[in-house]
> 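I'd like to ask you about the structure that follows.
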Number of protein chains: 2
Amino acid sequence: MGHCHKWGQKFIDFGFRLTAARECIFEILLKTDAHLSAEDIYMAIHKINPAIGLTTIYRTLELLEQNGIVRKFEFGHGRAKYELNEEYEGKKHHHHLICEKCHKIVDYSEFVKEEKEYIKKAENGLEKKYGFSIKDHLIDFYGICPDCKKE
Amino acid sequence: MGHCHKWGQKFIDFGFRLTAARECIFEILLKTDAHLSAEDIYMAIHKINPAIGLTTIYRTLELLEQNGIVRKFEFGHGRAKYELNEEYEGKKHHHHLICEKCHKIVDYSEFVKEEKEYIKKAENGLEKKYGFSIKDHLIDFYGICPDCKKE
DNA sequence: TTAATAATGAAAATGGTTTTCATTTTCGTT
DNA sequence: AACGAAAATGAAAACCATTTTCATTATTAA
Ligand SMILES: [Mn+2]
Ligand SMILES: [Mn+2]
Ligand SMILES: [Zn+2]
Ligand SMILES: [Zn+2]
């Protein structure tokens, strides 16, 4: 385990140990472009290392989230979904398109310029008016996906 | 129960019965400007009519949600929160400012003009590119509220 | 009034997530 | 290499918001 990607070093710097389970969970998140639940990850990891338990998945995901390595989403369809923070994937800043029927989640990165303009203005104004220190934002669009429209 | 506000008529038109419990839940949502959980509503209703059970609260909220009368939010702090749809309150279109520490939720209605511009452009573009029929959107800002900053 | 249907409360079940606890692994120090 | 403290782990149990079940009650239309 001597190599240590940049995230691994960051992880160690935080004071945590870089175990097989943790590396494996990170790798799974890195390879996918989907939004995985804890159980999705558990099933994926089970093929590689059946000894790793679901509890460890939950614990690792919480750890990763608290240290800004993964983002946790509660879209309200039963289970939380996780994805690697944008800086760790090749991904750009993005938001989500959510199908109200089949619960499919699609990333989109369009209209960033317009978004930035609106967000910057809103953030500044809201910080001033409501006294919040704003750190993050979330934009979701809800609708019906093309597959579900066919039915 | 002969009077029947506009929402009540709408409710009956949908084919449902306008019972005491349902009216009471609606009234509670109408009077508050907070974002209530099912249990918040249960506790509020309990003082007025202790016979109404928590199950009815959940069932009514689901019914109201499915018919566009209330909006359900899963902010990810354990329990879902409900608020009356904008058209039923005196409220304008609004979004949320969420404190990551104390989980306080603040409504804001500022920057609607800028928001509309961005949303319209994004919606049109995304519908075209991803084939979704977009029906709704959600914008949240996350940060630290003024009270939590003091500590 | 009557019968069909809808709504209800209490209790039990559900299911994703967290906690507990005994055991194992890791890592800095000998 | 061996040691010992601290961290990480898995299995099982607990948790807890929400849903389901089911027997009873309320509402409605005829
Ligand atoms: Mn995403
Ligand atoms: Mn609100
Ligand atoms: Zn769909
Ligand atoms: Zn706060």
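So you know, we letter chains A, B, ... as the sequences are listed, proteins then strands, and number each from 1. No hydrogens, no waters, no symmetry mates; every other heavy atom, side chains included, goes into these values.
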> Provide, to the nearest angstrom, the distance between the CD atom belonging to A:Glu74 and the C1' atom belonging to D:dT18.
14 Å

> Expressed as a whole number of angstroms, how long is the span from B:Ile12:CD1 to D:dA29:C1'?
14 Å

> Between A:Phe73 and A:Tyr82, is there a side-chain heavy-atom distance shorter than 4.5 Å?
no

> Taking the nucleotide of DNA chain C with the closest heavy atom to each, which residue, B:Arg22 or A:Tyr82, is nearer the 5' end?
B:Arg22

> Are a donor atom and an acceptor atom from the side chains of B:His93 and B:Glu87 found within less than 3.5 Å of each other?
no

> Taking the inter-plane angle between the rings of B:His137 and A:Phe141 on a 0 to 90° scale, is it parallel (under 30°), tilted (30 to 60°) or perpendicular (over 60°)?
tilted

> Among side-chain atoms of B:Glu83 and B:Tyr88, is any donor-acceptor pair under 3.5 angstrom?
no

> Between D:dT18 atom P and B:Phe73 atom CZ, what is the distance in whole Å?
15 Å

> Closer to the 5' end of DNA chain C via nearest nucleotide, is it B:Pro50 or A:Glu62?
B:Pro50

> Check the side chains of A:His35 and A:Asp107 for a donor-acceptor pair under 3.5 angstrom, ignoring hydrogens and angles.
yes

> What's the CZ-C1' distance between A:Arg79 and C:dT17, to the nearest Å?
12 Å

> Side-chain donor-acceptor pair under 3.5 Å between B:Glu123 and B:Tyr118, yes or no?
no

> Using distance only, find each side-chain donor-acceptor pair of residues 60-67 of chain B under 3.5 Å and give its atom names and separation, not counting sequence neighbours.
from, atom 1, to, atom 2, distance (Å)
B:Thr60, OG1, B:Thr56, O, 2.8
B:Glu62, OE2, B:Gln66, NE2, 3.3
B:Asn67, ND2, B:Leu63, O, 2.8

> In whole Å, I'd like the distance from the NZ atom of B:Lys72 to the P atom of D:dA17.
14 Å

> Kindly assign one of parallel, tilted or perpendicular to the pair A:His94 and A:His96, based on the angle between their ring planes and the thresholds 30° and 60°.
perpendicular

> Would you kindly give the CG-to-C1' distance between B:Leu61 and C:dT8, to the nearest whole Å?
15 Å

> Closest approach to the side chain of A:Leu54, judged atom by atom: which nucleotide of C:dT17, D:dT18, C:dT19 is it?
C:dT17

> Which residues, if any, of residues 29-43 of chain A bring a heavy atom under 4.0 Å of DNA chain D?
none

> According to the interplanar angle, ranging from 0 to 90°, do the rings of A:His95 and A:Tyr108 count as parallel (below 30°), tilted (30 to 60°) or perpendicular (above 60°)?
tilted

> For nucleotides 24-30 of chain C, give me one character per nucleotide, 5' to 3': B if any protein heavy atom sits under 4.0 Å from the base, S if the only such contacts are to the sugar-phosphate, - if neither.
--BS---

> Between C:dT18, D:dC22, D:dA11, which one does the side chain of B:Arg59 approach most closely?
D:dC22

> Grab the CZ-P distance between B:Phe11 and D:dT28 for me, whole Å please.
12 Å

> Give the rounded distance in Å between these two atoms: CG of B:Asp13 and P of D:dT28.
14 Å

> Of the nucleotides D:dT20, C:dG16, D:dT9, which one has an atom closest to the side chain of A:Tyr58?
C:dG16

> Return the nearest nucleotide to the side chain of B:Phe16; candidates are D:dA12, D:dA17, C:dA7.
C:dA7

